[in-house]
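Quick notes on the structure that follows.
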Amino acid sequence: VAQDQQLANKVRAAVGDIGQGTNILIGNPSATQIVVTPRFGATSNLPGPSVTIAPRGVGKIPITTPNTHVTVFSEPEGNGPPIVAILAIDTGKVDETYLV
């Protein structure tokens, strides 16, 4: 897994400027369908809309709020299957970021 990717059942990203469009791409490495849910800002905030990802497929979660923290977890929260996450920022130039 590259430095800008993470394999876990929960991933977090700090997002600054969202540029011309920012998304978290979520890969499902398992052979079964999974559901992932984003949470924007504090962990006490309500979750955003869930995304269903086909086996060995990819889902996209758009980030529309700059300067926030995003947590994406596979359901059930804390016990879901592993996911692969990549933060993609369209700034019109090459950027790097790291998920922790």
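For the numbers below, each heavy atom of this structure counts, side chains included, while hydrogens, waters and symmetry mates do not. Numbering of residues begins at 1 and proceeds along the displayed sequence.
- The two atoms that bring Phe40 and Asn45 nearest to each other are O-ND2, 2.8 Å, heavy atoms only.
- How far CD1 of Ile83 is from CD1 of Ile53: 7.0 Å, rounded to the nearest 0.5 Å.
- Distance CD1/Ile61 to OG1/Thr22: 13.0 Å, rounded to 0.5 Å.
- A donor and an acceptor atom, one from each side chain of Thr37 and Glu75, are located under 3.5 Å apart.
- In this structure, CD1 on Ile24 lies 4.0 Å from CD1 on Ile63, to the nearest 0.5 angstrom.
- The two residues Pro29 and Pro82 have their closest heavy-atom pair at CD-O, 3.5 Å.
- Nearest heavy-atom pair across Ser50 and Val35 is CB-CG1, 3.7 Å.
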Inset, instruction - Take Val51 and Lys60 through the side-chain contact (heavy atoms from CB on, under 4.5 Å) test and state the conclusion after the steps. - result: CA-CA 8 Å; Val51 175; Lys60 179 174 78 169; over 6 Å; no
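- For Pro81 against Ser74, the heavy-atom pair with the smallest separation is O-OG, 2.6 Å.
- The closest donor-acceptor contact from the side chain of Asn28 to the backbone of Ala54 lies under 3.5 Å.
- Note: Arg56 CZ to Thr32 OG1 = 9.0 Å, rounded to the nearest 0.5 Å.
- The two residues Pro49 and Pro38 make their nearest non-hydrogen contact at O-CD, 3.2 Å.
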